[in-house]
Undergrad: 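One structure, pasted below without further comment.
The figures that follow rest on heavy atoms only: side chains count, while hydrogens, waters and symmetry mates do not. Numbered from 1 within each chain, the chains take letters A, B, ... in sequence-line order.
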Amino acid sequence: MYESLPDKVNLPELEKEVLEFWKRDNTFVKSIESKNPEKYYTFYEGPPTANGMPGIHHVISRTVKDIICRYKTMRGYMVERVAGWDTHGLPVEVEVEKTLGIHSKKEIIEFGPEKFNKACKESIFKYLNEWEVLTERMGYWIDLDNAYITFKNEYIESVWWALKQFFDSGVMYKGFKIQPFCPVCESPLSSHEVALGYKEVKDPSIYIKFAITHPEFKGVDFLVWTTTPWTLLSNVALAVNPESLYTLIELENGNKFILAKDRLIVIKENYNIIKEFYGKELEKISYEPLFKFLKSEKRSHFVTTGNFVTMEDGTGIVHIAPAYGEDDYNIGLEYDLPILMAVGKDGNVIQEVTDYAGMNFKTADPLIIDNLKQRGRLYKKETYEHQYPFCWRHKTPLIYYATDSWFIKTTEYKDKMIKLNKEINWNPPDIGEGRFGNWLEENKDWALSRNRFWGTPLPIWYYVNENGEEIYEIIGSIEELKQRAINFEEVYPDNKVDLHKPYIDDVKIRSKDGKYIMTRTPEVIDCWFDSGSMPFAQFHYPFENKEKFEKHYPADFIAEGLDQTRGWFYSLHAIGTFLFNKPAYKNLIVNGLILDKERKKMSKSLGNVVNPLEILEEYGADLLRWYLVYSSPVWKSKPFNEEDLIDIRNKLFDTVINTFKFFVIYSNLTGFDYRKETILDPQKRKPIDKWLLSRINSVKKEYLESLDLYDITKASRILFDFTIDELSNWYVRRNRKRFRNPEDETDKLSCYQTLYEVLIELMMMLAPIMPFLPEIIYSKLTKKNSSIHLEEFTPVDESIIDEKVEEEMRLAQLVVYIVRAIRVKNNLKVRQPLKQILIPVLNKKDKETLLKVKDIILEEVNIKELNIIEGNSDIITKKAKPVFKVIGPKYGKQVKEVQKIINDLNTDEVYKIETEGKIEKGGITITNEDVEIITENIEGWIVEREQNLTVAVDTRLTQELIEEGIAREFINRIQNYRKTNDFNVNEKINIYTKTTEDIKKAILNHIEKIKNEVYCENIVFTENIDTDYYETDINGKQCTFKVEKLES
RNA sequence: GGGUCAGUAGCUCAGAUGGUUAGAGCGCGUGCCUUAUAAGCACGAGGUGGGAGGUUCAAUUCCUCCCUGACCCA
């Protein structure tokens, strides 16, 4: 006996049983340990931060990861999977700031960095439990117990080792660069952080008059445009585009301006153009400074030239404040301009700028504008809407600020990164070539340091030499630190080492030459360097596990969301390329964002966030996983829609379950047990069974190919279509009677063994994508207590794939399809048997093919005979259709003429082509390869054509056919009655009926058949049915019956 | 402003190395089939393949420009 599934299957409940089984059975560990360690497949887990709740977008990337890892496991690979946690960085600090009610760096220092970092460490795993629950519940197999954690000393030590490699090769430097800077964090933000915070804002847009001091332009002003009035306090120069035309104009009120010719539209008054010149002619012309709070020795306040000046907006003259803009800074270097900093790192105006001292730069804006207005320096003021970066956590506007930080000179090995990127198999490919490739092309040095607290400390110490220069040295391991430090024991008594701030800041080391005591530089590093170091840092390489690391580098596979392109994908690549001269990963899948049903971004403020655990509880992990990869290619952004989940459950899941139940019901009914019978050679099975075996192998072939190419969506769609269309709606439906009542023992083995084997194969293919349900079905089918996830795919059996058989079945399905269309159009129900189908064929081969599937066709459409007309017949009209692929290249421009000739060929002419291979017409020779011959019509028949197949049906009814139709109708009524009244399949009945004479006659003529079909002992015709009767009509005639259950 | 991708039925998506009737599912209307199936099948309505040019005998497919959207970058 096979054990079935409950009538109403509760998927989430079933999954919980499976989770229990996996736990008891230790299946995940077995799935790794049972494999040959020499045949391994390496996967890297990108570490999430567990200080926030996991969301649905985490479920999709984890689904993708799990599918590939389970698949590779079932392909026989050892796939070790270790979880990881990203624990450092600003995201953690910001969460802690929120809980502590802290709003600035100053307050952190007041609070105490030691306490602050302790709070960070405690907050990291705030939602660890939720993460672990989700991970387990969704069936994501990963080793959580041995997860790598980026704040551990061992991990930091490996990162230090890496940093030292960079430092020693001279690609790490301290530089002064303009970086987006958050005044609240008091730290530069990395580019990906900035990207999180662009917002549309309205800023003041002012046109300022700069008075020219050059004698030639006395009384003339440069008209300059800016949206950041506060930077005017630090203005040291103006810039024009050297190649553009500029004009000197005079307004009616006598004001004289210089501005770009292409930007004259900003002048609304009437004006006269006095003079034109190129930008380069303006170079070095000096002007009166607007503000004089800050002074410098260096020469300043003159016109510079740069190609970055565009004619898109403003006046074509740009004001330059080298401290607050990248172009500004670069032009400052070029012209040796002073750097005036009127606004400090806290975003407030410095004391020297007395008028605005202590004000936030945004607060100062309107006052500065006012001041300019009063002094007559303001030409006009407008508002300007544009995208401006905000701190993604503090929601405060960023400033571009010249800061010193440590950089890795990634630009130095950019070409290598580009070259190695070409070895990576990106899915989808265009992200690798396009988005990521472009990013690499435009590579900028990696701003590595952060002026923060909770992170991997930059292991650099410095001293100031006699010349006042800072000299840096780097430490690459704890051991090295111990040896170089002069107070290690003091800072870390009893060898209790914590490499974090503030402890590490206390460690002093002696310089290499022994002459100086060195102090640590205060910065920590970008946490992306942490996660990008995971390939080696997770193993504490090179201090331990050297071989293990080498074996597992690079990864065969990683998968994360699209947002990681510039994040983890980049940091892995940048670090891996430099340290190991190899890409860090060979294959990757990028998944898209998950949007809500309306295609809006999910966000807390919109309240449209989907809680993955709720979905898992309601629908189950299998269904959610399937939906996420099936509904659209994983790299597309996906609108999440619960209705689609339900649809997939009704279709795929119910079909899988019911196909399995079907097998169980009839196996138990007929006493079939796969293990007890000798296996029938597939070649000896019935044609339709051979067809199914051929199909499952073809499907398997496509499935393996798709997954080997990392196309999960395609693989899932192949399985979906096969299960529903071919397995369930064709094979099982067509063979129901056989399963219930096999012809003989061979027939029984043939169908049962086939269905069993196909179910097993199907479950195995489903298992990586939906790991739960196939586990249950597999165990019930095999009666083994061993997981399906420990099984391995056997190679595709090419000998079982029979293209011809599959083709025959396709033809049969096509004929059935056409006949159904004919029936519907002529209002002939399928229950009404018809006399014959007529199909004209063009050759013997087609005839033979059709004859093979004749029985299937006839049974499916309820028609008595299938007749085939071969060759020519006077009732058939033939036509020829041009084959454009052939005649196109052959005739070129003449193609339309030839098309017309071919279309006009009559039946006789077509016949001539068929028999003689060609015909001359209109001076052109048409050969049989130029045309496709079709039969267009059969005179006197009802004809439908599809894909060049013409089918005719004889729709005339005889008395005999009508009676058979009536018998079928009668059977249908009884069966419906049985079904609606929940009669068991095996319950026998008696039928009492009252009806018209002709229906009675029809029933009597088919009485044995009826009795057999509806499981009936006796049919009694009577005039007296008074109770419990049921009234219906058959072909418009009244029929009353009563069904009586027999005691068995 | 720059880059990448996408735009095919009301919605979600296929497909075609350029070949003359562009498909499926969901939804809608109609009919049919069925004691494994909350399914299935057929018919119908619904498409100027985002727009405009170009190349070609032939463009939804290739090229150019533009529009819209998403993401990334500034």
Undergrad: Say you pick atom P in rA16(B) and the same atom in rA74(B); how far apart are they, in whole Å?
TA: 38 Å
Undergrad: Holding to side-chain contact (heavy atoms from CB on, under 4.5 Å), I want the full list of residues that pass it with R734(A), two or more places apart in sequence or in another chain.
TA: I688(A), W730(A), I856(A), E859(A), E860(A)
Undergrad: Taking only residues two or more places apart in sequence or in another chain, which ones pass side-chain contact (heavy atoms from CB on, under 4.5 Å) with S728(A)?
TA: T655(A), T659(A)
Undergrad: Can you tell me, in whole Å, how much space there is between the C1' of rC41(B) and that of rA24(B)?
TA: 15 Å
Undergrad: My understanding is that only residues two or more places apart in sequence, or in another chain, count here; which of them pass ring pair (Phe, Tyr, Trp, His ring centres under 6.0 Å) with F739(A)?
TA: F662(A), Y752(A)
Undergrad: Select one nucleotide: of rC32(B), rG25(B), rG19(B), the one nearest the side-chain heavy atoms of D647(A).
TA: rG25(B)
Undergrad: Could you give the distance separating rC13(B) and rG27(B) at their C1' atoms, to the nearest angstrom?
TA: 15 Å
Undergrad: For A967(A), what residues pass the side-chain contact (heavy atoms from CB on, under 4.5 Å) criterion, not counting sequence neighbours?
TA: H1006(A), I1010(A)
Undergrad: Give the intermediate values and the outcome of side-chain contact (heavy atoms from CB on, under 4.5 Å) for residues T670(A) and K748(A).
TA: CA-CA 9 Å; T670(A) 59; K748(A) 179 177 165 185; 3.8 Å; yes
Undergrad: Measuring only the P atom in each nucleotide, how far is rA45(B) from rG23(B)? A whole number of Å is fine.
TA: 14 Å
Undergrad: Using the C1' atom on both, measure rU35(B) against rA70(B) and round to a whole Å.
TA: 50 Å
Undergrad: Under the side-chain contact (heavy atoms from CB on, under 4.5 Å) test, which residues partner K737(A), sequence neighbours left out?
TA: E1013(A)
Undergrad: Run the side chain to side chain donor-acceptor pair (under 3.5 Å) test against Q832(A) and tell me which residues pass, sequence neighbours left out.
TA: none
Undergrad: Would you call the rings of Y756(A) and Y2(A) parallel, tilted or perpendicular if under 30° counts as parallel and over 60° as perpendicular?
TA: tilted
Undergrad: Pick the C1' atom in rA58(B) and in rG18(B), then give their distance to the nearest Å.
TA: 8 Å
Undergrad: Just the rounded figure in Å: distance from P of rG23(B) to CZ of R717(A).
TA: 18 Å
Undergrad: The criterion is salt bridge (charged side-chain N to carboxylate O under 4.0 Å, His left out); which residues satisfy it with D647(A), sequence neighbours excluded?
TA: K651(A)
Undergrad: Measure CG/D721(A) against C1'/rG15(B) and give the value in whole Å, please.
TA: 13 Å
Undergrad: Can you check the distance between rA9(B) and rG50(B), where both ends of the measurement are the P atom (answer in whole Å)?
TA: 8 Å
Undergrad: Determine the contact category for P633(A): base if any of its heavy atoms lies under 4.0 Å from a base atom, sugar-phosphate if only primed atoms, P, OP1 or OP2 are that close, otherwise nothing.
TA: sugar-phosphate
Undergrad: What pattern of brackets, bars and dots sums up RNA chain B from 5' to 3', given Watson-Crick or G-U wobble pairs under 3.5 Å, [ ] for crossing pairs and | for another strand?
TA: (((((((..((((.....[...)))).(((((.......))))).....(((((..]....)))))))))))).
Undergrad: Looking at the side chain of L562(A), which of rU34(B), rC71(B), rC13(B) is the nearest nucleotide?
TA: rC71(B)
Undergrad: Just to verify, what does N735(A) make a side chain to side chain donor-acceptor pair (under 3.5 Å) with, not counting sequence neighbours?
TA: R738(A)
Undergrad: Going by ring pair (Phe, Tyr, Trp, His ring centres under 6.0 Å), name the residues that satisfy it together with H57(A), two or more places apart in sequence or in a different chain.
TA: none
Undergrad: Using a cut-off of 4.0 Å between protein heavy atoms and nucleotide atoms, how would you tag nucleotides 35-41 of chain B 5' to 3' with B, S and -?
TA: BBBB-SS
Undergrad: Between protein and nucleic acid, restricted to nucleotides 56-58 of chain B and to nitrogen or oxygen atoms under 3.5 Å apart, what atom pairs and distances do you find?
TA:
| residue | atom | partner | partner atom | Å |
| --- | --- | --- | --- | --- |
| rC57(B) | O4' | G892(A) | O | 3.2 |
| rC57(B) | O4' | K893(A) | N | 3.4 |
| rC57(B) | N1 | G892(A) | O | 3.4 |

Undergrad: Taking atom P in both rU17(B) and rU34(B), what distance in whole Å separates the two?
TA: 41 Å
